[in-house]
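Chain identifiers are assigned alphabetically (A, B, ...) following the order of the sequence lines, protein sequences preceding nucleic acid strands; residue numbering begins at 1 within each chain.
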Amino acid sequence: MAHRRPRSQSGAWSPDVACGHRYIQGK
Amino acid sequence: ILGGADALERRWPWQVSVHYGGFHVCGGSIIDEYWVLSAAHCFNRDKNMEAFDIYVGLVDLRFAGNHTQWFEVNKVIVHPTYEVYHPVGGDVALVQLKSRIVFSDSVLPVCIASPDVNLHNATCWSTGWGLVSPQGHVPNKLQEVQIPLISLPLCRLLYGHLSYIMPDMLCAGDIRDMRTVCEGDSGGPLVCEFNHTWLQVGIVSWGRGCVYPMYPAVYARVSYFSKWIRYHMEHTPPPSQPLPALARVLGVSVSVLAALLAVLPML
């Protein structure tokens, strides 16, 4: 299980990037 | 996409273009730094996996922008029920890249809808570089369109005897206006915003062409596959990285030195 990575609270599997957020606002 | 509009840069940072032999063939979405979600039918068994390229941070198919990144495919995991219970059922593929995506304002992962997601009253969007007219016009710029979800019972009624709509499928379309996905959008995401977070709820899969608005587009229902997606993301080893030439030389030197040190006391 050495390759297993932690799951962040946001649900993203990338430890430092939250999923589903973009940096521009919709109209 | 029919009835859509050009998408602005950074609006859909998870959008992926799957190229085969140098041409756009399908869409996809970033769900992790190593993983892209797409449709199984984009990766048919007879295809040469080395001919696939994955582009992220792309808006115009003609030009790579400042944030565009290109990847080779390491592994494609097709859902075990693909084409088993329905000619296009289980139409989900997980694509592992050979190297890691670098995230930026223009390149970000989308969230995967969980099995208990409530799609009632959701406002959802489809994106892709698929055909923009039934005559076969192809766009250069990524297209976006807001598409209402259609319940399974209504979708089954609309398709009638033509095809059965399975529980692992989701329908969306505008039966009044010509707003729908089309050939080349396959594998691309259907996303909805919930509490300022974008969730992917569908993967463009199939439909009765894109000319007849009475037949909605059919997507693979992401919430149905989310446990399978997460299982493979967690349990698949990352791709092995090729050792740089210098590291290989150093590795050999270290092992020779270690052997010498082991032999020296015996002399």
Would you list the atom pairs, donor with acceptor, under 3.5 Å between side chains in residues 90-99 of chain B and any protein atom, with sequence neighbours excluded?
residue: Asp91(B); atom: OD1; partner: Ala40(B); partner atom: N; Å: 2.9
residue: Asp91(B); atom: OD1; partner: His41(B); partner atom: N; Å: 2.8
residue: Asp91(B); atom: OD1; partner: His41(B); partner atom: ND1; Å: 3.4
residue: Asp91(B); atom: OD2; partner: His41(B); partner atom: ND1; Å: 2.7
residue: Asp91(B); atom: OD2; partner: Ser205(B); partner atom: OG; Å: 2.7
residue: Gln96(B); atom: OE1; partner: Asn74(B); partner atom: ND2; Å: 2.9
residue: Gln96(B); atom: NE2; partner: Pro237(B); partner atom: O; Å: 2.9

CH2/Trp12(B) to CZ/Arg22(A) distance, rounded to the nearest 0.5 angstrom?
4.5 Å

Hey, could you give me the NE2/CG distance between His21(A) and Leu108(B), rounded to the nearest 0.5 Å?
10.0 Å

What pair of heavy atoms forms the shortest contact from Cys111(B) to Gly20(A), and how long is it?
SG-N, 3.6 Å

Suppose the criterion is salt bridge (charged side-chain N to carboxylate O under 4.0 Å, His left out): which pairs have a residue in residues 107-127 of chain B, not counting sequence neighbours?
none

Roughly how far, to the nearest 0.5 Å, is the SG atom of Cys19(A) from the CG atom of Leu199(B)?
7.5 Å

